Amino acid sequence: MNDFKYKKSLGQNFLNDKNILGKIVLSSNIFPNSLIIEVGPGNGALTKELIKTGNYVLAFEIDDRLRGSLELLEKNNENLRVVFADFLKVNVNDYINNYKFNKLYVIANIPYYITTPIVTKIIDVINPDVFTIMVQKEVGNRLMASPNTRDYGSLSVYSQFKYNITKICDVSRNSFFPKPDVDSIVLKFEKKLDTSEFTNMELFFKFVRDAFKHKRKNLKNNLCQYDLNKIETFLKTIGKDLTYRAEQISIDEFVNLYEYLITE
Ligand code: SAM
């Protein structure tokens, strides 16, 4: 990798801290005979640790210039498959369907310029049992934010709707080469019990986004296109009213409010 020209535009900041790499893998509690998906293996630092667990590793890398080193790693490790493609465009399930496995994981130090679309694809399309990802600290704080905090928003509701999130560790910018302008955080997402009964996710998340539309406005203003009488009736049952703002509504309250709203 000595003469490798790192591309900032691809979020190429490679982790070079063995201790953190070990923590990412260990904290994921990987069940035997599992499939681990990695987004952006880069120089293969994390990939090598994942391979060592003995599970299947399926990695997606956009940068063809990394083909030489990654293909060599693939040749020496039967449990590794590297696909050179844009993770956001590739049909990941086509590849997943080739494996028989116990549990599905995503473990990755993701390229920060596309954090939200990657998290969205992981949750909506891959729907793994567990995913452990390294993200920019500020985004991580938003993903795991609780109600009544500055960071709480529709992204928090979206990511915590199906998953419980725990922070594994903070990672200093000094642990990367080249050194990025931001610090990072490792988060572990564990799937909650089945939410499949909740049928219309798209409309639910539209409702949540509407509730957060204008941060300074209250529910009465942001949700004026919905049945405000019904919303008010529900809010009363939880000791709240239409003057509350979306950031004061917990995820469970959003789910219950929406379910109440769509029932006759
Ligand atoms: N896994 C390595 C590590 O931990 O050091 C590299 C992580 S680096 C932050 C992000 C990696 O994602 C880079 O190798 C980059 O080329 C790759 N990447 C960027 N955009 C991608 C995309 N759309 N699809 C797949 N890989 C991508």
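As the structure lists them, so they are numbered: ligands from 1, and atoms in each ligand from 1. Numbers for residues simply follow the sequence, beginning at 1. If you're wondering where the values come from, they're calculated on a predicted model, not measured in any experiment.
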- prompt: Ile24 pairs by side-chain contact (heavy atoms from CB on, under 4.5 Å) with which of Ile168, Thr132, Leu50, Ile133?
  reply: Thr132
task: Please determine which of Thr116, Asp124, Ile251, Val208 meets the side-chain contact (heavy atoms from CB on, under 4.5 Å) test together with Tyr158.
output: Asp124
Which of the atoms in ligand 1, numbered in the order shown and given with their element, are less than 4.0 Å from a heavy-atom of [X]?
X: Glu38; result: 1 (N)
X: Gly42; result: 6 (C), 14 (O)
X: Gln12; result: 13 (C), 15 (C), 16 (O)
X: Ala85; result: 24 (N), 25 (C)
X: Phe87; result: 22 (C), 23 (N), 24 (N), 25 (C)

Residue, atom name and distance, where the atom is the protein heavy atom closest to [atom]:
atom: atom 20 (N) of ligand 1; result: Tyr113 OH, 2.8 Å
atom: atom 7 (C) of ligand 1; result: Asn109 O, 3.3 Å
atom: atom 16 (O) of ligand 1; result: Glu61 OE2, 2.6 Å
atom: atom 8 (S) of ligand 1; result: Gly11 O, 3.4 Å
atom: atom 23 (N) of ligand 1; result: Asp86 OD1, 2.8 Å
atom: atom 1 (N) of ligand 1; result: Gly40 O, 2.8 Å
atom: atom 2 (C) of ligand 1; result: Pro41 O, 3.3 Å
atom: atom 5 (O) of ligand 1; result: Leu15 N, 2.8 Å

Examine [X] relative to [Y] and say whether NZ or CZ is less than 6.0 Å from the centre of the six-membered ring and inside a 45° cone about the ring axis.
X: Arg142; Y: Tyr152; answer: no
X: Lys192; Y: Tyr163; answer: no
X: Lys188; Y: Phe131; answer: no

- request: Measure from the ring center of Phe177 to the ring center of Tyr6 and say whether it is less than 6.0 Å.
  value: yes
query: Is any NZ, NE, NH1 or NH2 atom of the basic residue among Asp183 and Lys137 found under 4.0 Å from an Asp or Glu carboxylate oxygen of the other?
result: no
query: atom 25 (C) of ligand 1: which of Leu10, Asn13, Asn16, Ile62 has the nearest heavy atom?
result: Ile62
- prompt: Is there side-chain contact between Met144 and Lys167, with heavy atoms separated by less than 4.5 Å?
  reply: yes
- request: For the residue pair Tyr226 and Asp210, establish whether any side-chain heavy-atom pair is separated by less than 4.5 Å.
  value: yes
